[in-house]
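Computed from a prediction, not measured in an experiment: that's the story for all the values here.
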Amino acid sequence: MKKVGIITITGLGNYGNRLQNYALQQAIEKSTDCTCETFLNKSCRLKGYIKKIIKPTHGALTKREQVFQEFNDNFIHFSDIKINNISKDRRILEYDCLVCGSDQIWNSDYPENDKANFGYFFKNLKTISYAASFGTDSIAENKKNRYAKYLKRMEAISVREDKGKELAEQLTGRTDIGVHVDPT
């Protein structure tokens with residue numbers, strides 16, 4: 001059986017990202033002979049790292065986070081691989097394909113949304129996106145070249161908005177970019 005790694009936003013506390021993660025996992029597993037595992041996305045902006053150092057939570061979750069954690073434990077198949085923008089965990093190569101989506105994983109307004117959210121880890125690993133979103137009508141100028149490089153290496157690109165298709169086409173020069181509804 002083929003093994004698919006899902007790259008998406010995995011933080012606790014957002015109904016949309018938890019539901020789309022579950023829906024994407026189900027859509028892949030029900031329509032293919034693949035099993036899915038979601039990588040725990042630890043991409044974080046500098047402010048988040050500093051906050052964790054200054055005021056550690058000591059593992060205590062809020063009630064809301066506990067509810068989301070229970071949902072994750074019951075419904076999301078997580079890999080033990082943690083990803084971030086400097087990941088080089090060679091175990092990622094055990095996956096037959098990476099699927100990026102279907103959340104606002106490419107929103108350039110979010111400092112943590114960069115390299116990892118494009119599955120940009122190893123050259124010989126097949127990476128696609130499904131209903132991924134830029135979440136905005138434009139890309140920050142300082143990210144355009146990087147985003148173009150990351151997108152050009154993908155086997156297939158699917159976004160969830162017409163504007164996202166236009167942005168991806170402008171960045172890559174490709175004409176094969178699809179628009180699909182979020183699986184939720």
Side-chain angles (χ1 to χ4, degrees), residues 1-45 48-49 52 57 59 61 64-107 110 112-135 147 150-160 164 168 178 180-184:
M1 186 168 288
K2 301 260 183 197
K3 193 171 171 183
V4 173
I6 295 176
I7 297 172
T8 193
I9 299 168
T10 58
L12 297 174
N14 184 293
Y15 291 103
N17 77 37
R18 295 300 70 231
L19 290 175
Q20 67 74 27
N21 187 179
Y22 176 71
L24 180 59
Q25 172 186 286
Q26 292 300 301
I28 294 169
E29 290 184 344
K30 289 184 186 251
S31 64
T32 69
D33 65 343
C34 299
T35 60
C36 292
E37 290 183 343
T38 296
F39 296 130
L40 193 57
N41 196 332
K42 291 296 192 176
S43 297
C44 185
R45 57 192 130 156
Y49 288 124
K52 287 177 187 177
T57 61
L61 298 176
R64 178 184 176 99
E65 290 170 332
Q66 288 173 13
V67 170
F68 280 95
Q69 187 60 56
E70 286 176 28
F71 177 85
N72 283 345
D73 292 343
N74 291 322
F75 298 105
I76 306 295
H77 310 144
F78 276 101
S79 167
D80 64 345
I81 297 173
K82 295 176 175 78
I83 62 168
N84 59 44
N85 291 326
I86 56 172
S87 293
K88 283 295 183 184
D89 190 327
R90 297 203 60 80
R91 293 178 300 157
I92 292 173
L93 292 168
E94 297 171 7
Y95 291 80
D96 296 290
C97 180
L98 302 181
V99 177
C100 305
S102 64
D103 212 341
Q104 289 188 33
I105 60 171
W106 299 339
N107 189 326
Y110 301 162
E112 66 274 18
N113 287 355
D114 208 342
K115 186 177 177 181
N117 290 324
F118 292 86
Y120 195 83
F121 302 113
F122 298 100
K123 275 188 173 182
N124 55 342
L125 185 58
K126 290 182 182 174
T127 305
I128 67 169
S129 68
Y130 184 81
S133 177
F134 291 97
Y147 276 34
Y150 304 152
L151 286 167
K152 285 177 182 177
R153 204 163 84 187
M154 289 190 156
E155 298 266 332
I157 300 172
S158 153
V159 294
R160 67 182 190 193
H180 294 99
V181 296
D182 185 305
T184 307

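A pairwise comparison of heavy atoms in G164 and V159 identifies C-CG2, 3.7 Å as the closest pair. Contact detail for N17 and N14: the closest heavy-atom pair is N-OD1, 2.8 Å. In plain terms, the two heavy atoms of Y130 and P183 that are nearest each other are CE2-CD, 3.9 Å. Residues D96 and K126 approach most closely at O-CB, 3.9 Å, considering heavy atoms. Nearest heavy atom pair, residue M1 against residue T35, reads SD-CG2, 3.0 Å. Closest non-hydrogen pair, I157 versus S129, comes out as CA-OG, 3.4 Å.
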Steps toward side-chain hydrogen bond (donor to acceptor under 3.5 Å, both in side chains) verdict (D89, S87): CA-CA 6 Å; D89 190 327; S87 293; over 6 Å; no

Test side-chain hydrogen bond (donor to acceptor under 3.5 Å, both in side chains) applied to Q20 and T184, step by step: CA-CA 5 Å; Q20 67 74 27; T184 307; 5.9 Å; no

Evaluation steps, side chain to side chain contact (heavy atoms under 4.5 Å, CB included), between E37 and F78: CA-CA 5 Å; E37 290 183 343; F78 276 101; over 6 Å; no

Residues Q69, D73; criterion side-chain hydrogen bond (donor to acceptor under 3.5 Å, both in side chains); working and verdict: CA-CA 6 Å; Q69 187 60 56; D73 292 343; 2.9 Å; yes

Verdict with reasoning, L61 to L12, per side chain to side chain contact (heavy atoms under 4.5 Å, CB included): CA-CA 9 Å; L61 298 176; L12 297 174; 4.0 Å; yes

Side chain to side chain contact (heavy atoms under 4.5 Å, CB included) evaluation trace for Y22 with F71: CA-CA 10 Å; Y22 176 71; F71 177 85; 3.9 Å; yes

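Annotation: the span from N21 atom CG to H77 atom NE2 amounts to 10.5 Å, rounded to 0.5 Å. I105 contributes atom CD1, which lies 11.5 Å from atom OG1 of T10 (distance to the nearest 0.5 angstrom). Distance check: Y147 OH to K152 NZ gives 15.5 Å after rounding to the nearest 0.5 Å. Note that CD1 of I92 and CD1 of I83 are 7.0 Å apart. Values are rounded to the nearest 0.5 Å. In this structure, the separation between CG on D103 and OG on S133 is 7.5 Å, given to the nearest 0.5 Å. Atoms CG and CG, on L19 and D182 in that order, are 9.5 Å from each other to the nearest 0.5 Å.
Side-chain contact between Q25 and I6: present, with at least one pair of heavy atoms (C-beta onward) separated by less than 4.5 Å. For the pair Q104 and R160, the minimum side-chain heavy-atom distance is below 4.5 Å. For the pair C100/N117, no side-chain contact is recorded, criterion being any heavy-atom separation below 4.5 Å from C-beta on. With contacts defined as side-chain heavy-atom distances shorter than 4.5 Å, the pair L125/L98 qualifies. Within the 4.5 Å cutoff, side-chain heavy atoms of T8 are placed close to those of T38. Residues I28 and V99 meet the side-chain proximity criterion, which asks for heavy atoms closer than 4.5 Å. Annotation: side chain of L151 is in contact with side chain of M154 (closest heavy-atom distance under 4.5 Å). Side-chain contact between R18 and I76 is present, with heavy atoms from C-beta onward closer than 4.5 Å.
For K3, the NZ atom is densely surrounded, since the number of other residues' heavy atoms within 6.0 Å is greater than 12. Within 6.0 Å of CZ in R64 there are more than 12 heavy atoms belonging to other residues, nucleotides or ligands.
Between F118 and W106, the distance separating the two ring centers is shorter than 6.0 angstrom.
Checked by atom type and distance alone, the side chain of E65 never pairs as donor or acceptor with a backbone atom of G13 at under 3.5 Å. Without hydrogens or angle criteria, K88 side chain to F121 main chain gives a donor-acceptor distance under 3.5 Å. One N or O on the side chain of N85 and one on the backbone of K115 form a donor-acceptor pair closer than 3.5 Å. For S79 (side chain) and I81 (main-chain N/O), a donor-acceptor pair under 3.5 Å exists by modelled atom type.
Between Y15 and F68, the ring planes are tilted. Angles from 30° to 60° get that label.
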